[in-house]
Protein chains: 2
Amino acid sequence: MAVIKKATIRDVAAKAGVALGTVSRVLNDHPSVTPQARRAVREAIEALGYERDAVAGSLRNARTRMVACAIRDFDIPAFASYVKAAEAVFREAGYTLLLASTSNEKDVELSLLRSFAQRRVEGVMMTMSDEADVELAQGIASASMPIVLIDREMMTNVDRVMADHEDGADQATSHLLALGHRRIGMIVGDPAAYPSRSRIAGYRRTHDRHGVQVEERLIRNHVLSNEVAFRETTTLLSGDNRPTALFVAAVDMLPGTLRAIRAAQMVPGRDIGIVAGSDSDLAELGSPPISALSWDRGEMGRHAAEMLIERIRDKKPRPARCVRLPVALIVRDSAGRSNADQALK
Amino acid sequence: MAVIKKATIRDVAAKAGVALGTVSRVLNDHPSVTPQARRAVREAIEALGYERDAVAGSLRNARTRMVACAIRDFDIPAFASYVKAAEAVFREAGYTLLLASTSNEKDVELSLLRSFAQRRVEGVMMTMSDEADVELAQGIASASMPIVLIDREMMTNVDRVMADHEDGADQATSHLLALGHRRIGMIVGDPAAYPSRSRIAGYRRTHDRHGVQVEERLIRNHVLSNEVAFRETTTLLSGDNRPTALFVAAVDMLPGTLRAIRAAQMVPGRDIGIVAGSDSDLAELGSPPISALSWDRGEMGRHAAEMLIERIRDKKPRPARCVRLPVALIVRDSAGRSNADQALK
DNA sequence: ATTAGTCAATGAACCGGTTCCAAATTATCT
DNA sequence: AGATAATTTGGAACCGGTTCATTGACTAAT
């Protein structure tokens with residue numbers, strides 16, 4: 001924590017015996033500087049320990065070289081993976097990342113959007129709690145910087161990166177139906193936003209295709225924390241006519257579900273079939289290993305970052321783009337098997 | 001993405017019929033403004049949709065209200081937990097968080113430190129790859145903003161927040177020794193930095209106390225990825241005279257270790273005792289549940305954030321502080337048991 | 001030799017806030 | 001009422017870069 005006050009571009013100019021404009025040109029690699037002037041400036045910078053002040057530099061021109069990311073909860077490993085991959089791309093391109101959690105709250109989302117604008121952030125990568133909300137749509141539309149939405153689809157005038165969760169839900173549901181399950185419990189997040197909404201759609205679509213009636217009671221939504229996952233799973237398991245399998249379609253809600261299964265003295269895969277909606281170490285290495293839907297999270301973060309950088313670079317208005325990544329079902333050994341009379345094998 | 005050019009403080013002043021200094025005073029809640037002037041300014045701000053420009057505001061005074069966090073790899077859940085808790089504290093206090101991963105590379109750490117300084121970040125919370133490195137120490141000492149180190153102890157002139165990993169290692173080792181294990185394999189990170197260094201120290205200390213000779217071959221260090229964890233565990237398990245238990249003392253390296261155990265056709269807890277150095281869903285919910293060391297990660301992030309904010313607020317030089325959080329061993333069912341002739345029960 | 005053209009360098013103006021001194025206004029005290 | 005003190009207000013200067021019109025030097029073309 002030294003307290004020397006820093007040298008300015010004028011100090012450098014004086015030391016090098018050139019005008020301050022020349023120093024600026026050297027700093028920005030402008031071509032029209034003679035080698036000797038360039039060298040003199042370089043030496044003066046070295047001698048004075050000069051460091052460019054990014055705040056001052058950003059005042060005149062619009063470029064702050066900062067981008068922001070506002071995500072629901074970034075200690076959810078899946079989200080952390082997006083952000084990590086994105087940050088790497090941003091840093092490579094010379095951008096610094098601002099990060100905030102929104103806790104999926106609309107007010108936080110709006111206030112962050114405002115705060116980012118005040119800081120002249122050049123682009124934003126974010127999730128949105130409610131895709132149908134007018135104020136949020138308005139907030140995004142009136143933002144002065146480009147925005148890329150993560151795992152959202154409705155706002156079609158904004159760039160989006162998403163995984164194909166409806167197809168994933170279809171795969172998971174088909175898998176369970178094929179094993180004979182007819183009552184499949186679903187643990188799912190907030191249907192106001194794409195991932196959960198489309199997972200529910202996929203679940204229904206697949207039931208319809210196989211001519212199986214959906215039992216509404218089995219769809220437990222608004223599960224956004226493991227405490228709620230525990231409660232909802234317990235509810236599902238405690239009634240009579242309990243499901244023979246569970247599709248844990250909310251991201252990172254497997255722990256709460258497994259806790260509830262354990263608390264009910266049941267063994268996953270034997271007493272109840274289970275498919276996780278997002279892959280994790282726990283799914284891979286549990287006993288039994290748990291079948292899970294998987295997509296390339298790094299790819300998702302990288303795509304988002306690249307789209308955003310591209311938008312920032314050429315600001316001509318172009319139609320919004322949408323990248324949809326494939327989801328694959330990794331079959332492990334947890335889906336169980338149910339025959340017509342509902343008894344597990 | 002609207003393209004209206006924004007109103008400035010001068011526009012507001014003109015509209016409200018006051019001087020620009022008065023507008024600034026209203027914005028900053030200075031007391032000496034008459035209620036009517038304040039109201040006129042408020043109305044003008046409303047009418048023009050004025051938004052304060054944080055970049056411009058930070059130019060004259062030093063306050064950018066930004067803090068930065070540079071952490072090894074923030075998709076490691078434990079680290080993400082620190083950052084999330086810290087971010088909440090920072091946001092509450094009006095600070096925006098800049099985030100970057102260092103990949104534990106010295107060059108990245110140094111260059112980030114420089115970049116943060118250029119952006120006039122007011123404080124930094126970070127990990128450091130090598131506590132003994134002179135350049136890094138120099139970089140920190142000469143930084144113009146306060147720094148809080150996460151899980152580091154050697155740089156005693158800097159604020160630090162850490163968990164008591166030596167005591168944790170002692171608990172884990174004692175537990176395994178008490179169960180009869182005499183050859184305890186250790187999977188541990190980079191001994192150049194505190195957590196791993198002190199875990200190794202704890203491991204040795206406990207062995208000494210119990211009069212058990214440490215077998216150097218069993219300490220596998222520099223494990224910073226699950227691929228390496230897999231390899232090192234495989235090495236440990238394949239030699240003859242294999243350990244009867246493993247202490248997975250590197251954070252988040254349990255998955256790789258379990259993969260190796262599984263690949264060796266062994267069952268944790270039955271064929272080999274295991275204690276994890278950091279708790280996780282996988283440890284809690286695996287079969288068998290795996291005993292693990294645990295500490296309050298949220299508390300750690302919060303402490304770091306609070307220390308940093310305090311430093312920023314009163315800049316008088318005070319001696320560096322160090323918060324050391326307790327580590328507890330959560331005993332589950334994975335430690336196994338070994339008797340004198342090395343056969344597992 | 002003169003003119004046109006190219007390239008470097010200069011430094012004032014600018015970005016949009018904050019700060020602070022001096023001036024104006026209002027309140028308080030004899 | 002007049003003097004003095006306290007409070008508001010005005011606006012120039014400032015923060016430290018970037019930009020750009022202008023000048024100066026040098027080269028190529030006529």
*Any salt bridge between A:E43 and A:K15, counting N to O under 4.0 Å?*
no
*asked:* At a heavy-atom distance below 4.0 Å, what parts of residues 7-18 of chain A sit against DNA chain C?
replied: A:V18
_Residues which pass ring-ring contact (aromatic ring centres under 6.0 Å, His included) with A:F116, listed by chain and number, not counting sequence neighbours_ = none
*In residues 25-44 of chain B, what residues come within less than 4.0 Å of DNA chain C, judged by heavy atoms?*
B:R25, B:N28
*So does A:R63 pair up with A:E122, basic N to acidic O under 4.0 Å?*
yes
*B:S101 side chain to B:S103 main-chain N or O, any donor-acceptor pair under 3.5 Å?*
no
_Presence of A:S24 side-chain N/O under 4.0 Å of D:dT18 phosphate oxygens OP1/OP2_ = yes
*Between the side chains of B:S129 and B:E105, is a donor N or O closer than 3.5 angstrom to an acceptor N or O?*
no
*Rounded to the nearest angstrom, tell me the gap between atom CZ in B:R119 and atom C1' in D:dG17.*
14 Å
_Looking at B:E299 and B:R302, is any side-chain nitrogen of the basic one under 4.0 Å from a carboxylate oxygen of the acidic one?_
yes
_Ion pair B:R25/B:D29, N-O distance below 4.0 Å_ = no
*asked:* With ring-ring contact (aromatic ring centres under 6.0 Å, His included) as the rule and sequence neighbours excluded, what pairs involving residues 75-99 of chain B come up?
replied: B:F79-B:Y82
_Tell me the interatomic distance from A:L20, atom CG, to C:dA8, atom C1', rounded to whole angstroms._
15 Å
*asked:* Please enumerate all residues that pass side chain to side chain donor-acceptor pair (under 3.5 Å) together with B:R119, with sequence neighbours excluded.
replied: A:T96
_Among residues 55-67 of chain B, which ones have heavy-atom contacts with DNA chain C below 4.0 Å?_
B:A56, B:G57, B:L59, B:R60, B:N61
*Measure the distance from CG on A:D53 to C1' on D:dC15 and round it to the nearest whole Å.*
9 Å
*Lys/Arg N to Asp/Glu carboxylate O, B:K84 vs A:D73, below 4.0 Å*: yes
